[in-house]
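Notes for the one structure printed next.
Both ligands and their constituent atoms are indexed starting at 1 by order of listing.
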Amino acid sequence: MLVGLKEILAMAEEGSYAIPAFNVYNMETVMGVMQAAEEKRAPVIMQVYSRLFTQGGAKFLAPVILTAAHSASVPVCFHIDHGAGKNEIMRAFRYGCSSVMIDASAMEYEDNVRLTKEIVELAAANGMEVEGELGHVGSVNDSSMDEFTVPKDAKDYVEKTGVAALAVLVGTAHGRYKKPPKLDIRRIADIKGATNLPLVLHGGSGIPDEQIVASIEAGIRKINFGTDLCYAFLDTVFEVSRDIYAIDLFMKEPIAGVKNFAVTKMELLGAAGKV
Ligand code: 13P
């Protein structure tokens, strides 16, 4: 069933685990994630990068995700990831997302607050809640990281914007790490204490398992996986025999690759068996 952000994160909060949020790109990645969620009885978030809403791909992908969510026997949240601005958010509403993220983390603090608050109001009018970001989570290719999220700023941001979930900068980045990241677990616990809100960890690919577990103990309730899901799909594509040309048959193994990847994360995050 299709559910909203607050509802799915409340499950994680109550059970002290984290919901895996997988970035999906096409029908096959949706199918792999869905098979894993059904088999593992796990609530799941399927999210789509903002650029697919900018460039048009989300229009075709959204019906696939909605079909999966409506026919699922586990809770599925359909989320726009790193919503770049009002246009993308409006498209997310139109294409049937059940949840939105606005990422104004690269803006000045007051501008981030202003835009995020505006999106929270628009989303509320559409019956939805919002993930905001404070402390810009960049790419592994950036030469330096921004200042980590400050707990008292997070409290102020949450109070002023009304977000339902907060993405924080605590040592992760998007992409394949050149060396394993070192998360500031203490800071996660402090932000959790200051905000009492479900916290979101971006850049989930490649974080050592023990740090994932510690981050959940400290208050992380949603963990994003993008890059490693892509590789789970693409690595398998390159292994399939070129003698298979019927695309549905060719895609069986890549779908299984995504499913197997999603299963390991559902188990690691403690989401498996929660439905
Ligand atoms: P990775 O691609 O590093 O897993 O990050 C995904 C993410 O955080 C999407 O918002």
Side-chain angles (χ1 to χ4, degrees), residues 5 8-9 12 18-26 29-30 32-33 36 44-54 57-58 61 65 77-85 88-89 92 97 99-106 112 116 119 130-142 145-146 148-149 163-183 188 198-209 211-212 215-216 220-235 257-258 260-266 268-269 271:
L5 186 66
I8 204 162
L9 293 180
I19 309 284
F22 297 108
N23 287 81
V24 291
Y25 294 82
N26 58 6
T29 47
V30 172
V33 168
V44 71
I45 296 172
M46 292 217 227
Q47 55 188 19
V48 175
Y49 277 120
S50 187
R51 72 166 178 275
L52 280 90
F53 290 83
T54 314
L61 184 53
I65 297 172
C77 175
F78 174 22
H79 185 70
I80 174 174
D81 189 27
H82 292 288
E88 287 76 8
I89 299 290
C97 280
S99 163
V100 296
M101 174 185 188
I102 179 73
D103 180 1
S105 64
N112 184 352
T116 304
I119 299 300
V130 176
E131 173 186 340
E133 179 166 320
L134 183 65
H136 180 65
V137 182
S139 150
V140 295
N141 297 320
D142 293 347
M145 259 191 206
D146 276 3
F148 285 6
T149 309
V163 292
L166 181 66
V168 290
L169 178 58
V170 291
T172 62
H174 298 96
R176 273 215 155 155
Y177 297 105
K178 293 171 184 96
K179 62 181 174 50
K182 174 110 188 56
L183 273 57
I188 296 171
L199 303 179
V200 182
L201 197 58
H202 283 245
S205 300
I207 300 176
D209 286 0
Q211 291 195 53
I212 293 250
S215 77
I216 296 169
I220 293 290
R221 295 291 172 258
K222 170 179 183 270
I223 304 185
N224 294 358
F225 298 98
T227 306
D228 279 352
L229 182 141
C230 290
Y231 281 113
F233 180 80
L234 294 173
D235 287 351
V258 170
N260 295 338
F261 170 75
V263 161
T264 62
K265 298 306 168 193
M266 286 165 180
L268 176 64
L269 271 53

Check: So among Gln47, His174, Glu88, which one has a side chain to side chain donor-acceptor pair (under 3.5 Å) with His82?
Finding: His174
Note to self: Just verifying a value: how many Å separate Ile89 CD1 and Ile102 CD1, rounded to the nearest 0.5 Å?
What the structure shows: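 Taking CD1 in Ile89 and CD1 in Ile102, the distance rounds to 4.5 Å.
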Next item on the list: Any chance you could measure Asp81, atom CG, to Asn23, atom CG, to the nearest 0.5 Å?
Entry: 4.5 Å
Item checked: Residue pairs passing the salt bridge (Lys or Arg N to Asp or Glu O under 4.0 Å) test where at least one lies in residues 220-232, sequence neighbours excluded -> Glu13-Arg221, Glu131-Lys222, Arg176-Asp228
Next item on the list: May I ask you to decide if Glu133's main-chain N or O and Asn112's side chain share a donor-acceptor pair within less than 3.5 Å?
Entry: yes
Item checked: Side-chain (Thr172) to main-chain (His202) donor-acceptor, under 3.5 angstrom ->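 Yes.
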Checklist line | Protein residues having a heavy atom less than 4.0 Å from any atom of ligand 1 | finding: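 Residues Asn23, Tyr49, Asp81, His82, Ala173, His174, Gly175, His202, Gly203, Gly204, Ser205, Asn224, Phe225, Gly226, Thr227 each place a heavy atom under 4.0 Å from ligand 1, listed by chain and number.
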